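Please read the structure below before turning to the comments.
Small disclaimer: the values here were computed from a predicted structure and weren't measured. Every chain is numbered from 1, with letters handed out A, B, ... down the list of sequences.
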Amino acid sequence: MSFSPHAALASKSHVHCLTASAKSIESQFHFVLLHPHKKVVMKENYLDELNERQREAVTHINGPLMIVAGAGSGKTKVLTTRIAHLMRNGVDAFNILSLTFTNKAAREMKERVEKILGGSEARNLYIGTFHSVFARLLRAEAHRLGYPNDFTIYDADDAKSVVKTIVNELNLDDKHYKPNFVYNRISAAKNSLMGPEEYQLDHLVQQEDMRANRPLIGKIYDMYAKRCFKNGAMDFDDLLFKMYVLLKSFPEVLHKYQHKFKYIMIDEYQDTNPAQYEIIKLLGAVNENICVVGDDAQSIYSFRGATIQNILQFEKDYDDVKVVKLEQNYRSTKSILSVANEVIAHNKGQIEKNLWTDNTEGDTIKLVRTMTDNEEGKFVADTIAEQKLRNHYENRDFVILYRTNAQSRAFEECLRRKAIPYRIFGGLSFYQRKEIKDFVAYLRVTMNTRDEEALKRIINYPVRGIGKTTLEKTIVLANEHNITMWEVLERAREFGFKGGTVEAIEAFVVMIKSFQAMLTTHNAYDVAVVVGKSTNIVKELFNDKTTEGLARYENVQELLNSIKEFTETPDEEGELLDNKTMGTYLQQITLLTDADQGNDEDSNVVKLMTIHAAKGLEFPVVFTVGLEETLFPSGMSINTREELEEERRLFYVAITRAKARLWLTHANSRYRFGNLVQNEPSRFLEEMPEKFIDRSYAGGGSVRNAFGSGSTSGWGGGGNMGNMFDRMQKKTPGQPVSQPSSPKPAPRPTSAATTHVPTPGFAPDDPAEMEPGMQVEHQKFGFGTITAMEGAPNNRIATVVFPKGGGEKKIMLNYAKLRIVR
DNA sequence: CGATCAGTCTTTTTT
DNA sequence: AGACTGATCG
């Protein structure tokens with residue numbers, strides 16, 4: 001069940017697939033698109049569109065099937081065609097379950113199946129993420145587990161907040177028992193199907209917690225689970241864990257779904273965790289018609305409990321597994337693919353495969369070093385502008401990929417400065433904004449008064465005189481009498497609240513009850529509008545004329561729009577889902593991530609996202625940035641071989657997103673936690689074959705700064721360089737910019753000559769005047785001779801031989817400043 | 001009781 | 001640098 005696109009947040013238009021894939025579908029299935037009513041034609045020859053391996057996978061109907069699908073090998077096409085093929089061969093759509101990891105993937109799959117089949121039958125398929133499908137099944141069966149059918153789904157913030165509450169209740173120090181840490185521990189336990197009791201009895205786990213000096217995590221876990229249950233809430237991990245418990249404890253339920261889902265397909269199988277694995281195993285046990293698709297080289301979610309073992313051992317889990325390898329890549333140029341293949345070859349123990357392509361060799365991969373993170377941003381923005389002119393790309397053809405969300409800022413600024421429209425995916429999601437969470441909390445409490453997290457948010461927002469003291473008293477009373485906070489509030493007078501407080505509480509209770517009464521007679525949107533009015537939230541935000549206040553007001557309006565759109569969009573979810581209730585809306589928004597709202601295909605913008613978020617996507621031009629030690633690979637993941645290999649797979653994913661052109665950038669120094677640090681280039685850069693790489697330098701910064709000589713004399717020129725220098729001086733007054741914490745980077749072969757001291761009064765000359773044969777001076781590499789000149793007039797690249805500076809370099813004249821000697 | 005200010009901590013990656 | 005927390009003042 002892919003959820004209907006939440007286009008109100010992005011655009012009004014209906015979804016199309018991502019540019020690239022949409023194009024490829026069109027070319028393959030153009031007949032259908034031109035004559036949408038003649039689907040019959042499609043049905044006859046859909047197998048012709050496949051290569052031999054793909055056809056082999058599609059036409060394998062019964063029995064376990066593992067498709068090892070290399071990057072860009074047409075995986076989604078195979079999956080969708082296979083669904084069509086199953087149905088063509090008499091399988092009922094109601095009996096097919098297809099699980100993905102992201103809503104985006106689910107949506108794309110659903111759309112593509114609809115294009116092949118026509119929409120009416122496709123509607124009956126179960127296509128969705130693990131979490132959303134299980135949430136849906138759990139809603140139907142929740143009563144068996146003692147949960148209300150309208151259970152709330154806690155997002156990570158809610159869950160951490162519960163953890164924090166419990167840590168405080170136990171009088172533990174939340175500096176030591178950090179909610180984040182504890183929650184991750186609980187999450188890991190659930191993902192390995194370990195409940196609180198087992199957790200506390202498991203010696204290994206207890207040993208780990210003892211060693212970490214946090215022996216009470218098991219206790220916290222136990223209380224956490226009980227609290228969630230009391231609140232009528234499940235967290236993300238519960239959607240898997242409770243699903244497993246449900247199937248395991250109720251044979252009749254298991255039986256029902258085993259016979260419903262006769263054919264099961266799982267995308268991105270390499271990213272499944274033990275909970276998902278066991279559920280699939282249970283569901284598929286009768287028919288064993290399990291088709292898994294994955295690529296061990298793209299397993300990047302072990303931090304979420306995924307184990308690569310699931311795919312590596314699939315063949316051993318079932319008898320007579322049919323294995324099909326898709327090894328032809330249709331996406332990337334030979335250069336890009338060669339680099340990717342060589343990089344990933346540094347990992348051990350993979351499923352053997354040989355990814356190849358018929359595509360042209362294409363451009364070399366550009367490896368660019370800059371002095372600072374800001375210059376990196378500037379370089380990327382400039383290059384995008386240049387590429388648009390030179391190669392007629394549009395904004396939507398570009399993506400900037402980074403390891404951590406925090407890196408987006410520098411690029412945002414530079415893109416904004418050049419008036420290049422962009423959009424960031426991930427990061428703080430719309431639904432995580434405070435004003436949205438506050439508003440949504442009203443809806444949550446209205447739906448489920450046991451939802452304490454939501455209740456605590458709104459009990460005094462907007463201010464209504466129910467302060468901290470009252471809140472704490474309520475919590476204590478609730479715990480004492482073992483009832484919910486809401487019940488305490490309902491009986492406030494009885495519990496001895498007095499005067500203004502009791503009036504405020506009663507008014508609050510009456511208000512929420514009036515919302516509840518509306519639920520039966522009005523749709524979600526009408527209720528939400530009344531909530532906005534009665535609570536005064538909308539008015540209050542409207543009266544706040546600050547910039548942020550305005551933005552908050554607009555956000556709430558947008559939320560209302562999205563609810564409206566939700567209630568008005570025809571149901572695509574199949575019969576089982578009881579339509580447009582507030583409950584399904586709330587479920588949708590908590591399971592919808594920001595990346596999923598990115599189906600805004602009409603907007604012609606540059607995209608920025610983490611590499612994780614980019615999995616499954618492709619772009620004509622890719623910039624992978626921040627390729628530096630401690631950043632990528634992350635400093636957190638260089639301690640074991642397994643961690644490092646996962647980082648390498650991540651790099652592999654980044655490379656293989658690119659269709660035509662790929663830039664890899666890294667900066668000498670960048671701001672992290674507010675101070676300047678220097679990083680060595682990523683070790684991964686050394687693993688790439690030189691043959692396909694073009695190295696150049698976009699560093700205009702001062703070498704002496706970077707190495708801490710600190711002298712300010714003799715700096716005549718270089719506008720942007722001057723700014724940078726000023727800023728560095730401010731950051732560390734009197735202190736050269738160097739790094740006490742990390743060892744001095746070993747001199748690297750490519751930048752051996754770091755000793756050149758520019759001639760006093762060094763000033764760069766106009767790049768336009770430079771020609772091959774000239775003698776020039778570079779701030780870092782010293783004196784050299786220009787041997788060649790290339791590039792557009794506004795972005796000239798000189799090849800310069802520096803006898804003492806490490807040989808031949810490509811210098812981008814827009815960034816690096818050269819002085820003409822003669 | 002609530003608002004303002006200084007001090008602390010942060011960054012993996014996400015359903 | 002910025003978000004978040006806790007202490008102090010109106």
Side-chain angles (χ1 to χ4, degrees), chain A residues 3 99-106 128-135 153-157 159-160 164 168 174-175 178-181 183-184 187 190-191 234-241 268 271-273 275-276 299-306 373 401-410 413 425-429 431-432 434 460-471 500-501 504 587-596 609-615 626 630-638 643 646-647 649-651 653-654 670-677 727 730-731:
Chain A
F3 286 113
L99 297 172
T100 64
F101 274 82
T102 62
N103 293 296
K104 195 191 283 171
T129 64
F130 280 91
H131 290 83
S132 62
V133 167
F134 294 166
I153 297 172
Y154 276 171
D155 66 15
D157 288 338
K160 282 173 199 168
K164 194 173 175 189
N168 291 334
D174 60 13
K175 294 265 160 48
K178 287 186 190 143
N180 222 331
F181 181 88
Y183 172 68
N184 284 336
S187 173
K190 286 186 189 170
N191 284 326
M234 295 197 198
D235 65 19
F236 284 146
D237 304 309
D238 282 332
L239 295 178
L240 307 179
F241 184 48
E268 309 279 16
D271 288 328
T272 50
N273 62 34
Q276 290 160 327
S299 159
I300 55 175
Y301 280 105
S302 73
F303 70 92
R304 213 168 63 192
D373 46 355
L401 301 178
Y402 35 76
R403 178 69 239 267
T404 64
N405 282 306
Q407 286 166 260
S408 67
R409 181 158 269 122
E413 271 171 31
F425 292 78
L428 233 210
S429 125
Y431 297 106
Q432 286 174 294
K434 188 185 170 299
N460 200 30
Y461 172 83
V463 180
R464 56 170 64 85
I466 306 178
K468 210 175 168 183
T469 324
T470 310
L471 178 64
T501 309
Q587 169 181 320
Q588 170 171 331
I589 65 173
T590 43
L591 293 180
L592 203 65
T593 58
D594 202 44
D596 295 316
M609 62 184 87
T610 64
I611 300 165
H612 283 87
K615 192 160 82 152
T630 75
L631 188 58
F632 192 14
S634 159
M636 317 289 298
S637 309
I638 48 178
E643 286 172 343
E646 178 147 321
E647 294 286 304
R649 290 193 293 269
L650 196 55
F651 185 42
V653 168
R670 72 171 61 238
Y671 278 92
R672 256 181 130 182
F673 311 126
N675 43 12
L676 194 66
V677 297
R727 210 182 73 185
K730 265 180 237 146
K731 289 297 161 214

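- In this structure, Arg464(A) has no salt bridge (charged side-chain N to carboxylate O under 4.0 Å, His left out) partners at least two apart in sequence or on a different chain.
- Among the nucleotides dT11(B), dT15(B), dT14(B), the one closest to the side chain of Ala406(A) is dT11(B).
- The aromatic ring of Phe303(A) sits over the base of dT13(B), with ring centres less than 5.5 Å apart and planes inclined by under 30°.
- Taking side-chain N and O atoms only, Lys615(A) has no distance below 4.0 Å to OP1 or OP2 of dT13(B).
- At dT15(B), none of the side-chain N or O atoms of Thr102(A) fall inside 4.0 Å of OP1 or OP2 (strictly under the cut-off).
- Every residue was checked against the ring-ring contact (aromatic ring centres under 6.0 Å, His included) condition with Tyr154(A), not counting sequence neighbours, and none meets it.
- In this pair, Phe101(A) and Phe130(A) present their aromatic rings tilted. The plane angle is within the 30 to 60° band.
- At whole-Å resolution of the value, NZ in Lys104(A) and P in dT15(B) are 9 Å apart.
- For dC1(B), one of the phosphate oxygens OP1 or OP2 lies less than 4.0 angstrom from a side-chain nitrogen or oxygen of Thr469(A).
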Requested in this report: Let me have a per-nucleotide readout for nucleotides 2-10 of chain C, 5' to 3', with B, S or -, counting only protein heavy atoms under 4.0 Å.
Outcome: ---S-----
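- With dC1(B), dT14(B), dT12(B) as the choices, the nucleotide that has an atom nearest any side-chain atom of Glu647(A) turns out to be dT12(B).
- Residue Arg672(A) places its side chain closer to dT11(B) than to any other of dC1(B), dT11(B), dT14(B).
- Dashed line: the shortest gap from a side-chain N or O of Asn405(A) to OP1 or OP2 of dT14(B) is under 4.0 Å.
- Checking the phosphate oxygens (OP1, OP2) of dT10(B), no side-chain nitrogen or oxygen of Asn180(A) falls inside 4.0 Å.
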